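Data block below; observations after.
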There are 2 protein chains.
Amino acid sequence: MPDQTRPPGQRVTIYDVALEADVSPSTVSRAFSRPSRVNSETAERIRQVAGRLGYRTNPLARALTTSRTQMIALVIADITNPVYAEIVRGAQEVAADGEYTTVLIDAQESDRLERAAVERTMSTVDGIVLASSRMSDSAIRMVAKQRPVVVLNRALADVPCVVTDDPRGVRRAAEHLGELGHDHITYVAGPQASWPNGVRWRSLLEAGMELEIKVRQIGPFSPTMAGGERAAQELCARPATAVLAFNDQMAIGIIRGLSRMGVNVPGDVSVVGFDNILAADIVTPRLTTVAAPLYAEGSAATRHLLTMIEGAPGHTGRPMVLPVRLVVRDSTAARNPSPGRARPSWVRQRPVPGPAAHLP
Amino acid sequence: MPDQTRPPGQRVTIYDVALEADVSPSTVSRAFSRPSRVNSETAERIRQVAGRLGYRTNPLARALTTSRTQMIALVIADITNPVYAEIVRGAQEVAADGEYTTVLIDAQESDRLERAAVERTMSTVDGIVLASSRMSDSAIRMVAKQRPVVVLNRALADVPCVVTDDPRGVRRAAEHLGELGHDHITYVAGPQASWPNGVRWRSLLEAGMELEIKVRQIGPFSPTMAGGERAAQELCARPATAVLAFNDQMAIGIIRGLSRMGVNVPGDVSVVGFDNILAADIVTPRLTTVAAPLYAEGSAATRHLLTMIEGAPGHTGRPMVLPVRLVVRDSTAARNPSPGRARPSWVRQRPVPGPAAHLP
DNA sequence: GTGAAAGCGCTAACAT
DNA sequence: ATGTTAGCGCTTTCAC
């Protein structure tokens with residue numbers, strides 16, 4: 001009969017079980033470690049007694065001696081951004097399979113907050129997945145010196161990395177736009193602290209060279225819908241017929257902002273996003289975007305982290321790269337035949353943004 | 001497999017600092033607890049030495065004696081659902097302010113997974129916020145006996161709860177629909193394990209009585225866009241002119257499903273959602289919905305949890321209820337004047353769902 | 001205010 | 001295969 005008088009919660013210890021099962025405490029301990037190094041017969045008895053007494057091994061105490069907590073930290077840049085949901089799922093899946101608990105940390109797009117949170121959590125976890133970290137390279141290396149770390153969406157020497165094949169994705173997007181007759185692509189930049197942001201821009205630069213498409217960049221803007229709407233305004237000042245946005249949220253914001261100003265997407269401007277979030281499929285027009293294998297990113301990174309925690313050396317050669325694909329939907333279309341003028345026709349119609357009435 | 005180099009993390013202990021600062025270990029300990037029960041002069045010296053040596057207090061060891069880990073668990077039903085993002089933000093904010101780290105647990109809409117995760121984490125955290133728990137009342141009470149618990153979006157005797165004023169929200173939605181001439185509202189149900197789901201249906205029942213609006217329920221469906229699309233099909237079999245969905249995601253799915261079958265929203269059917277997620281504002285038509293104070297939910301629940309952890313009794317009288325408001329957008333409109341027939345006109349046009357072509 | 005000693009609950013050497 | 005003996009790093013009585 002379980003001891004009811006005690007303040008509940010972790011009062012039953014290994015000693016209680018040992019006493020009751022008539023073995024030494026260490027035997028109980030062994031019975032609860034895997035592989036159970038105990039005579040299967042006594043092990044059974046111990047388990048039985050433990051069950052009856054309501055014994056639960058105390059992970060904290062265990063951690064104190066083993067220095068393994070069976071917890072990993074997953075740091076994401078912004079929990080508000082739906083891309084991370086799938087990444088988290090992938091990571092949790094793998095972690096749970098390996099009997100690890102995942103501590104999710106939301107950095108809120110802030111270098112400072114991220115560092116503080118990592119600092120606080122570091123000593124409590126067995127390893128860390130840094131998804132889209134906003135920290136500096138050196139800060140990351142510092143962390144990686146203390147704990148196994150896998151970096152997601154960022155390449156970094158000496159630290160295991162998992163990235164997506166963004167250059168290929170950008171290239172595909174540029175080709176697609178080129179085929180539609182666009183000879184000029186504007187990149188709408190996201191956070192400067194975002195590593196993929198740089199990669200995407202440079203990839204576009206390169207693709208532009210090869211495909212003979214002119215490219216330019218505006219921004220940076222916040223990687224949110226609001227950021228996209230702001231970008232739309234700037235887009236009006238320096239018009240474009242084809243836009244590649246840092247991510248889907250911005251792309252959606254751009255479409256909204258443009259529409260509000262009477263600019264038609266994809267009629268006047270084609271817009272391509274990045275990530276293929278769920279919302280990309282529900283906006284009007286449905287968003288053409290570069291899809292990343294979100295779930296696989298999370299699971300791959302975590303899988304690698306777990307092997308490192310188990311003692312594997314950590315593959316720091318070159319980053320593991322995951323494939324992407326271009327999902328063509330309705331936000332891109334053949335370039336509006338503008339008869340021999342440099343600027344698209346819509347510019348003069350509404351040179352300055354303002355709350356336009358809904359078009360019929 | 002032996003580790004290559006000793007993990008450099010956490011090698012500096014209180015003893016090292018004590019030695020260097022020429023005080024006893026307990027003094028160092030006291031210097032690092034707050035309020036610092038040490039001569040401010042020596043405290044300063046200790047801090048200095050600690051800083052120089054790179055000493056970091058080991059939360060695990062501390063927890064072993066104090067049985068306080070400075071961590072709380074936040075369990076959410078589905079990380080894929082954007083409502084939780086804001087709730088998480090609210091919770092994290094408060095937790096961080098109180099020097100607590102938040103362990104986020106995604107239950108994936110599964111009673112079983114949720115229990116397992118809570119079970120695993122319980123002994124490691126000082127308290128738990130259960131947001132939209134899918135566990136049974138008894139399971140929750142069991143947990144609440146072991147650790148401070150605050151339940152969010154669910155009322156439960158003997159456990160502190162924070163809920164939103166859904167009855168009022170439903171009532172407002174019903175009034176709104178009634179004013180638009182609808183005399184019949186169909187509730188599209190979400191998960192049966194969801195407490196708000198029951199509340200919303202019962203509230204609609206009640207509102208229907210008072211407002212003399214007929215109501216009925218279909219479902220349950222999965223609380224996702226996919227679930228909504230499935231509901232749309234059933235909606236065709238048993239048509240309606242006004243629909244209240246369990247949440248926004250379903251509402252969006254319903255709109256999509258209906259549109260695909262050639263039914264116009266809000267022309268033929270008005271749709272109201274619940275939660276006011278970001279996507280509600282970007283779909284076409286923009287979604288009329290009952291908005292909940294997500295951020296406040298998370299922060300209120302967490303704030304209450306922290307006071308309980310500090311020893312406060314936990315307000316188990318009646319649940320704390322947060323206000324909601326109806327956000328009217330474009331998915332609701334005056335009832336299509338159907339001349340004296342019970343069933344809306346569009347039913348006969350397309351009695352059976354099928355992949356309809358896009359309308360021009 | 002500070003020091004000395006005694007654990008928190010568990011695991012990891014050693015023994016046997 | 002099991003028992004014995006030390007701690008893990010910290011906090012906390014107790015003395016002084």
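Every chain is numbered from 1 and lettered A, B, ... according to where its sequence line falls, protein lines coming before strand lines. Hydrogens, waters and symmetry mates are skipped; everything else that's a heavy atom, side chains included, is used. Worth saying up front: this structure is predicted, and the values here are computed from it rather than measured.
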Could you work out, with side-chain hydrogen bond (donor to acceptor under 3.5 Å, both in side chains) as the rule, every residue matching A:Arg115, not counting sequence neighbours?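 A:Arg115 satisfies side-chain hydrogen bond (donor to acceptor under 3.5 Å, both in side chains) with no residue once adjacent residues are dropped.
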
For [range], which residue pairs pass the ring-ring contact (aromatic ring centres under 6.0 Å, His included) check, not counting sequence neighbours?
| range | answer |
| --- | --- |
| residues 118-141 of chain A | none |
| residues 16-53 of chain B | B:Phe32-B:Tyr55 |
| residues 101-134 of chain A | none |

Can you check the [X] [atom1] to [N] [atom2] distance for me, whole Å?
| X | N | atom1 | atom2 | answer |
| --- | --- | --- | --- | --- |
| B:Asn58 | D:dC10 | CG | P | 6 Å |
| B:Asp16 | D:dG9 | CG | P | 9 Å |
| B:Leu64 | C:dG7 | CG | C1' | 9 Å |
| B:Arg56 | D:dC10 | CZ | P | 12 Å |
| A:Asp22 | D:dT2 | CG | P | 12 Å |
| B:Asn39 | C:dT2 | CG | P | 5 Å |

Just grab all the side-chain hydrogen bond (donor to acceptor under 3.5 Å, both in side chains) pairs involving residues 128-140 of chain A, residues at least two apart or on different chains.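 Of all non-adjacent pairs touching residues 128-140 of chain A, those that pass side-chain hydrogen bond (donor to acceptor under 3.5 Å, both in side chains) are A:Tyr84-A:Ser132, A:Glu109-A:Arg134, A:Glu114-A:Ser133, A:Ser132-A:Asn153, A:Ser136-A:Ser138, A:Asp137-A:Arg154.
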
For B:Met142, give me all partners under side chain to side chain contact (heavy atoms under 4.5 Å, CB included), at least two apart in sequence or on another chain.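 By the side chain to side chain contact (heavy atoms under 4.5 Å, CB included) rule, B:Met142 matches no residue at all.
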
Near-strand residues of residues 40-54 of chain B, defined as heavy-atom separation under 4.0 angstrom from DNA chain D: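 Hits under 4.0 Å, by residue number: none.
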
Per-pair distances, 0.1 Å, donor-acceptor, side chain in residues 91-104 of chain A, under 3.5 Å, sequence neighbours excluded:
from	atom 1	to	atom 2	distance (Å)
A:Glu93	OE1	A:Tyr295	OH	3.4
A:Thr101	OG1	B:Arg120	NH1	2.8

Whether the side chain of A:His304 engages the backbone of A:His315 through a donor-acceptor N/O pair (distance < 3.5 Å, no angle test) should be reported.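 Here the side-chain-to-backbone pair exists.
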
Check this one for me: any side-chain N or O of B:Thr27 less than 4.0 Å away from OP1 or OP2 of C:dG3?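 Yes, within the criterion.
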
Anything under 3.5 Å between a donor and an acceptor, one on a side chain of residues 40-47 of chain B, the other on a protein residue two or more places apart or in another chain? List them.
from	atom 1	to	atom 2	distance (Å)
B:Thr42	OG1	B:Asn39	O	2.8
B:Arg45	NH1	B:Ala21	O	2.3
B:Arg47	NH1	B:Ala31	O	3.3

Donor on one side chain, acceptor on other, A:Ser24 and A:Thr27, under 3.5 Å: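 Short answer, yes.
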
Overall bend - the helix from C:dG1-D:dC16 to C:dT16-D:dA1, comparing terminal axes fitted on five pairs, nearest 10 degrees: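 The end-segment axes of the helix from C:dG1-D:dC16 to C:dT16-D:dA1 are tilted 30° relative to each other.
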
Which pairs pass salt bridge (charged side-chain N to carboxylate O under 4.0 Å, His left out) with one or both residues in residues 58-78 of chain A, sequence neighbours excluded?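 Non-adjacent pairs meeting salt bridge (charged side-chain N to carboxylate O under 4.0 Å, His left out): A:Arg68-A:Asp126, A:Arg68-A:Glu310, A:Asp78-B:Arg89.
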
Quick test: give all pairs of protein nitrogen or oxygen and nucleotides 11-13 of chain C nitrogen or oxygen below 3.5 Å, distance rounded to 0.1 Å.
from	atom 1	to	atom 2	distance (Å)
C:dT11	OP1	A:Arg62	NE	2.9
C:dT11	OP1	A:Arg62	NH2	3.3
C:dT11	OP2	A:Ser29	OG	2.7
C:dT11	O4'	A:Thr65	OG1	3.0

